[in-house]
Student: 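Just passing along the structure, written as structure tokens.
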4 protein chains.
Amino acid sequence: MARPVDPERRAARRLQIVDAGLTVFAERGYDGATTARICRRAGIGSGTFFHYFATKADLLLAILELGTAETRERAAGLEGRTDPLGVLLELVASTADDAADARIPGFVRAVTGVMHVPRIAEALAADDAAQREVLLVWVERGQARGEVRTDLTAARLVSWLVLLTGGFLERVAVDEAFTAEGERELLVATVRSFLRGG
Amino acid sequence: MARPVDPERRAARRLQIVDAGLTVFAERGYDGATTARICRRAGIGSGTFFHYFATKADLLLAILELGTAETRERAAGLEGRTDPLGVLLELVASTADDAADARIPGFVRAVTGVMHVPRIAEALAADDAAQREVLLVWVERGQARGEVRTDLTAARLVSWLVLLTGGFLERVAVDEAFTAEGERELLVATVRSFLRGG
Amino acid sequence: MARPVDPERRAARRLQIVDAGLTVFAERGYDGATTARICRRAGIGSGTFFHYFATKADLLLAILELGTAETRERAAGLEGRTDPLGVLLELVASTADDAADARIPGFVRAVTGVMHVPRIAEALAADDAAQREVLLVWVERGQARGEVRTDLTAARLVSWLVLLTGGFLERVAVDEAFTAEGERELLVATVRSFLRGG
Amino acid sequence: MARPVDPERRAARRLQIVDAGLTVFAERGYDGATTARICRRAGIGSGTFFHYFATKADLLLAILELGTAETRERAAGLEGRTDPLGVLLELVASTADDAADARIPGFVRAVTGVMHVPRIAEALAADDAAQREVLLVWVERGQARGEVRTDLTAARLVSWLVLLTGGFLERVAVDEAFTAEGERELLVATVRSFLRGG
DNA sequence: CATGAATGAGCATTCATTCAT
DNA sequence: TATGAATGAATGCTCATTCAT
């Protein structure tokens, strides 16, 4: 009698909205992305949106959390590796790969534009922390193995890695001539040089 | 009847609004910065605002243009120098100094959050171009003098300089532990190393 | 194919919803009582609700009609009585007893709050008429027997009886110190005094 | 320069909205009274409404408070009187006079329909308390002078006075045949009889 | 019958902008 | 020129109701 809720269908619908949200946030920024526009893009009615996300901010948060989860998964897949520097360079390179999806840099810009909203600032901080945590482990291992410079603390090196990937994302977003594919190699080289020490 | 406008008084008033705008945009983002709040901060009535700026976007544009003008002035002050690398490092360092004013990184975030608005994108592009133009001159001179690596085109090196300063600004904005003062020296060192070539 | 409806099961389900409706209307008022909340309280799915009542207003109407029917039954049970004043006092006292169910006064308030809806106004008028009809019979008999004052028309006396019971219900709802049990006796005494004439 | 805010104009506008609110709340109930309808009735734009009242609930509250203030003023005007029973009967009669404004009973119904909203419940309680306070003083004086029965506490007598006036208001609202003017005298007589004791 | 996902009309509220004084 | 009251378009969100399963 009671039709069991189809969780797959629900998850798919949810993802459909997440995808539309990612696209529209990237295109228009947070405030420019009206729920109406997101719904139109997702091909759903306005009421449906709120069956899946209580508020517009919750959609943003969900997207952010998806990113954080992905970071963690990626990290889990690297356990067992014994070449810390190689791992770090791969991690950095994967940021460049993310940047190739044109929506990513736009989305990042959109989110930083509403960082003054407390809940969003928190989620962003959590995402930042997750990334740093992963990087920190491998930087420390790299230092232990003598592959990474030790004149700076691991935490500080991590900040600079994030600085480089963040700046990279930003450039891709802003500068037409600066493409993720074209600059990927130079990013890796620059990071390698930076990690070895000037 | 028409009281002759006192241009000085007018300019002062205008600056007062610009300052309030810079502060509030930085604190709340573009959309979070209501004209009402900007007016309250500037100590003026809401009607007065629109005597000085036709729209809220025009205020943002004016602030941006002020920045662009400053970049040009700074560049003018450097003419005659004969040490291109030194000049470049000074230019980069001055970004770190700007970042020490807590409103700057916040303002930058606010602006990038509304980059999808065409007029703002244009102004941002103009600002970007002004910065790049200045840097380009000195990078080329540096290359001519052998102070700067020549395995990459000057334009590409400039992109990376902007990447580094942009990433730096972002980090200062987001990461409490990452201060403009504390990291300034490392920024200069990293840029020097990058410009010399790995 | 058409599974023969089990009318008993259906009636039970219906009563379950009526009960939940009574409770939630009383707690939240008509508009505050969302169908979702009523369904949750009744332990049914939102779709099921509309198998039993075409609209939310219909549920309210059904509750009202149940009350009207109860009034009529109560009246039927009094036929044959020969002490009109006694009957009237019992009728009034039974209002006080109803008021002891905390949901009744709350429900009455909720309903009067949406009296501007025509169908509800009608049902309320019907309920009012039913009550008055019963009272009218016994007031007239009381007047005929000399137990009830005759300086006012029977209809007017009935209005005042309703005024007193209505005011009583309201007080119980609003005033914590005014309890149905505690004031019941005084209600009866006041009504007796009023019916005899000042 | 700074045009002094014209407080009279502001107060007038405010009253205009209060008046429209009173009317529309009475006609449609709280939820049925959309801000759009209130604005149309007041002859103002929707934005203007919110210059005067932060929320729709605040308008209701303001109306309620106006009533409470009026109660207090009326009470102040009675100081010095030496005939407590006369004062009480006048107070009761003035309720009947209020009821002659057809909007009052409708408004009362509307308000009681949203009593589950905490802030409104509070304001209603405050209004109730103000009325009772006034009545209590004169009931006590009446008891002291032997004009009012002493077999019931003053507080309880007050509850019953409120019961009678509340029931009266309700009847006027619901029953076409029951008019404030026509029943006013009987109300006074009934209250007099009640206060003297059966 | 029972369910709950989907719908979209409708609502309170915000905010940039205008304009009479 | 300075002011702030007035405006109404635009938005996020709620909720009664429908319908495929």
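Quick caveat, the model's predicted, so the values are computed rather than measured. The chains referred to below are lettered A, B, ... by the order of the sequence lines, with proteins before strands, and numbering in each begins at 1.
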Student: Using both distances under 3.5 Å as the test, list the Watson-Crick or G-U wobble partner of E/dA2, or none.
Tutor: F/dT21

Student: A/Asp58 CG to F/dG12 P: how many Å, rounded?
Tutor: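 Rounded to the whole Å, the gap is 14 Å.
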
Student: With a 4.0 Å limit, can you tell me whether B/Tyr52 has a side-chain N or O closer than that to the phosphate oxygens OP1/OP2 of F/dA2?
Tutor: yes

Student: How would nucleotides 8-14 of chain E be written as a contact map, 5' to 3', with B for base contact, S for sugar-phosphate-only contact and - for no contact, using protein heavy atoms under 4.0 Å?
Tutor: BB-SSBB

Student: Quick one: look up who E/dA16 pairs with, Watson-Crick or G-U, both distances under 3.5 Å, and put none if it's unpaired.
Tutor: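 Result: F/dT7.
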
Student: Any side-chain heavy atom of D/Phe53 within less than 4.5 Å of one from D/Val18?
Tutor: yes

Student: CZ/C/Phe49 to CD1/C/Ile38 distance, rounded to the nearest 0.5 angstrom?
Tutor: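 It is 5.0 Å, given to the nearest 0.5 Å.
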
Student: Classify the ring geometry between B/Phe25 and B/Tyr30 as parallel (under 30°), tilted (30 to 60°) or perpendicular (over 60°).
Tutor: parallel

Student: Rounded to whole Å, how long is the line connecting atom CZ of D/Arg9 with atom C1' of F/dA6?
Tutor: 10 Å

Student: Using a cut-off of less than 4.0 Å, is there contact between a side-chain N or O of B/Arg10 and OP1 or OP2 of F/dT1?
Tutor: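 True: B/Arg10 side-chain N/O within range (under 4.0 Å) of F/dT1 OP1/OP2.
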
Student: So that I can tick it off, tell me whether B/Asp19 and B/Arg41 are bridged by a salt bridge, with the cut-off set at under 4.0 angstrom between side-chain N and carboxylate O.
Tutor: no

Student: Expressed as a whole number of angstroms, how long is the span from A/Arg13:CZ to E/dG4:P?
Tutor: 17 Å

Student: If only atom types and distance count, is the side chain of A/Arg109 paired as donor or acceptor with the main-chain N or O of B/Thr112 below 3.5 Å?
Tutor: yes

Student: Write down the distance between CZ (D/Arg40) and C1' (F/dT7), rounded to a whole number of angstrom.
Tutor: 16 Å

Student: Could you tell me how far apart C/Ile38 (CD1) and F/dT17 (P) are, to the nearest whole angstrom?
Tutor: 11 Å

Student: If you define the side chain from C-beta out and look only at heavy atoms, does anything of C/Leu60 sit under 4.5 Å from C/Val114?
Tutor: yes

Student: Give a yes or no on whether a donor-acceptor pair under 3.5 Å exists between the nucleobase atoms of E/dA5, that is its base, and the side chain of A/His51.
Tutor: no

